Amino acid sequence: MASEVEDEAAGAGSPLVANGAADVRRRRDQAKAILSKQAVKIATKAEEHERFIFKVTHLLGVLGFGGFCYLLGARPQDIPYVYCLFYVIFVPLRWIYYRYKKWHYYLLDFCYYANTFLLVMILFYPKDEKLFMVCFSFAEGPLAWALIVWRCSLVFSSFDKLVSVLIHLLPGIVLFTIRWWNPQTFAAMHPEGRAARVTWPYVENKSYLWTWLFFVPLAAYTLWQLMYFLIVNVLRRQRLLRDPEVMTSYRELSKKAQKANNIWWRLSGLLGDRNRQVMYILLQALFTVATMALTVPIFLSYWMHVVFQILKVCAATWNGGSFILEVMPRQVVQKQQKKKLNMKPIEEGNSTQHVEDDEKSGNHHEHTMTQPRSKTSSGETGAGCKIRFCRLLIQS
């Protein structure tokens, strides 16, 4: 009897559970739709005021760069917290912008994975030497060399490019200040009542160094690569196939490499066109192994670390100058041409309308008197269109 009552209770409860799960899914989908809609609205408004935003970004970028340089010299111990502030503000803003552009899968890239590791270390495990070495390998390995190899450009007037540079550049600077310039690090290197330690973190031997600067970071990278493949190539595969406008790192790099027909495109095709993505993963793995191995001598030498920071800043600045002088003029010309093409149908529509008006006026008895007036009005309208068009070009 008791079992029958339990079965009835279970049978009555199962629809409630199903309805509850469906309600949770419905609310989740509604919240996701609202967030996506708001992201599109914000990004659309940003594009409408592009010129003003560029000026504000340039102003804030230059002022921020000066303030950061001051803090770097005056209070290097505060640089990690400046980085945390940058991450929690600008990474969500980037998600909003990228969601609108259909680039949001970029936020699954390794650079954000490595930055999240560093954020967790600074906020929750600031004295963990082993985690510090793992983050050091990420920051001064793949992230730093990606800044150079993929030609990230320091352009103060471009919010997107500025954030891209800082995502790759700031982690290395943060870890440099913690390792060499932070007063707390000096205190850890010279504890009271003990012999002075050579460096912080303390390296016991070569095997310890290679374990935490190479093998453990490489295992963490492999874990990221597996998660990335599972999300992009398995769970979201159909979504990406349905919409070719949605961008991932592989799509973007392969598109550029194919257009340029450079060495990366030829190397990725060694196993055939169908296996280009596999070759891309292998090439990225080789790049990661090589750059992580280079972090060992950088970790041991203060002056090599200083030179490496200067090299990264110079590379980003050089690429920024090249972008401003070579790429931006082409982009302005392309935008003007696009606006011209958009204006042509409007002008053609206006001229067609005036021709129809002239034909209709010819059916009236006072045709000889109205004909010159229609020509004049047509000419005035065409001139007005040209004036408005010129104003649009100037405003753009």
Side-chain angles (χ1 to χ4, degrees), residues 40 42-62 65 90 93-94 96-106 109 111 145-169 243-268 280 312-348 385-396:
V40 170
I42 293 171
T44 303
K45 289 183 178 179
E47 284 199 344
E48 291 174 356
H49 304 283
E50 187 178 24
R51 286 173 62 85
F52 176 74
I53 291 174
F54 273 19
K55 292 177 182 179
V56 172
T57 305
H58 184 82
L59 173 64
L60 296 179
V62 173
F65 180 76
F90 289 99
L93 289 176
R94 168 162 275 205
I96 292 173
Y97 180 67
Y98 276 17
R99 183 70 181 81
Y100 167 71
K101 288 283 191 179
K102 296 185 179 181
W103 297 348
H104 48 288
Y105 285 95
Y106 285 148
D109 287 353
C111 54
W145 287 100
L147 181 77
I148 299 171
V149 172
W150 304 123
R151 300 191 64 188
C152 294
S153 304
L154 184 59
V155 181
F156 289 116
S157 59
S158 173
F159 173 80
D160 186 46
K161 290 194 171 296
L162 191 58
V163 173
S164 293
V165 168
L166 295 178
I167 284 287
H168 293 85
L169 182 64
D243 192 351
E245 292 184 359
V246 176
M247 276 294 147
T248 63
S249 293
Y250 170 71
R251 279 186 174 181
E252 179 67 17
L253 291 174
S254 61
K255 181 180 177 182
K256 290 182 177 179
Q258 183 180 13
K259 186 176 180 180
N261 194 25
N262 56 22
I263 187 172
W264 301 110
W265 180 252
R266 292 191 289 273
L267 286 175
S268 65
Y280 171 74
K312 290 189 292 183
V313 174
C314 289
T317 308
W318 179 274
N319 293 335
S322 300
F323 180 84
I324 291 171
L325 294 174
E326 298 172 8
V327 180
M328 286 188 73
R330 291 201 301 267
Q331 290 181 344
V332 172
V333 171
Q334 289 173 357
K335 286 183 179 180
Q336 289 179 348
Q337 290 176 347
K338 186 177 180 181
K339 286 188 176 182
K340 286 181 182 178
L341 292 175
N342 292 334
M343 287 295 294
K344 279 183 179 180
I346 299 174
E347 292 181 344
E348 290 175 358
C385 286
K386 290 179 180 178
I387 292 170
R388 287 196 298 273
F389 178 61
C390 291
R391 286 175 180 171
L392 286 172
L393 288 179
I394 293 169
Q395 290 174 359
S396 66

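FYI, side chains are in, hydrogens and waters are out, and symmetry mates aren't considered; it's all heavy atoms of this structure. Predicted, not measured: the structure shown is a model, and the values here were computed from it. In this chain, residues are counted from 1 in sequence order.
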Do you know which two heavy atoms are closest between V165 and S153, and how far apart they sit? CG2-O, 3.2 Å
Return the set of residues passing salt bridge (charged side-chain N to carboxylate O under 4.0 Å, His left out) with K102 (not counting sequence neighbours), or none when no residue passes. D243, E245
Can you name the nearest heavy-atom pair linking W103 to M247, along with the distance? CD1-CB, 3.6 Å
Go through L154 and L162 one step at a time and tell me if the side-chain contact (heavy atoms from CB on, under 4.5 Å) criterion holds. CA-CA 6 Å; L154 184 59; L162 191 58; 3.6 Å; yes
Show every side chain to side chain donor-acceptor pair (under 3.5 Å) that has at least one partner inside residues 313-330, sequence neighbours left out. none
Shortest non-hydrogen contact between Y280 and S249, atoms and distance: OH-CB, 3.8 Å
With sequence neighbours excluded, tell me which residues meet side chain to side chain donor-acceptor pair (under 3.5 Å) with Y98. R94, D160
Drop me the distance from L325's CG to M328's CE, to the nearest 0.5 angstrom. 10.0 Å
Rounded to the nearest 0.5 Å, how far does CZ of F54 lie from CG of L59? 15.0 Å
Got a sec, which residues hit side chain to side chain donor-acceptor pair (under 3.5 Å) with S157, two or more places apart in sequence or on another chain? none
Kindly write out the residues that satisfy ring pair (Phe, Tyr, Trp, His ring centres under 6.0 Å) with F159, not counting sequence neighbours, or none if the list is empty. F90
Residue set satisfying side chain to side chain donor-acceptor pair (under 3.5 Å) with K312, at least two apart, ordered chain then number -> E140, Q309
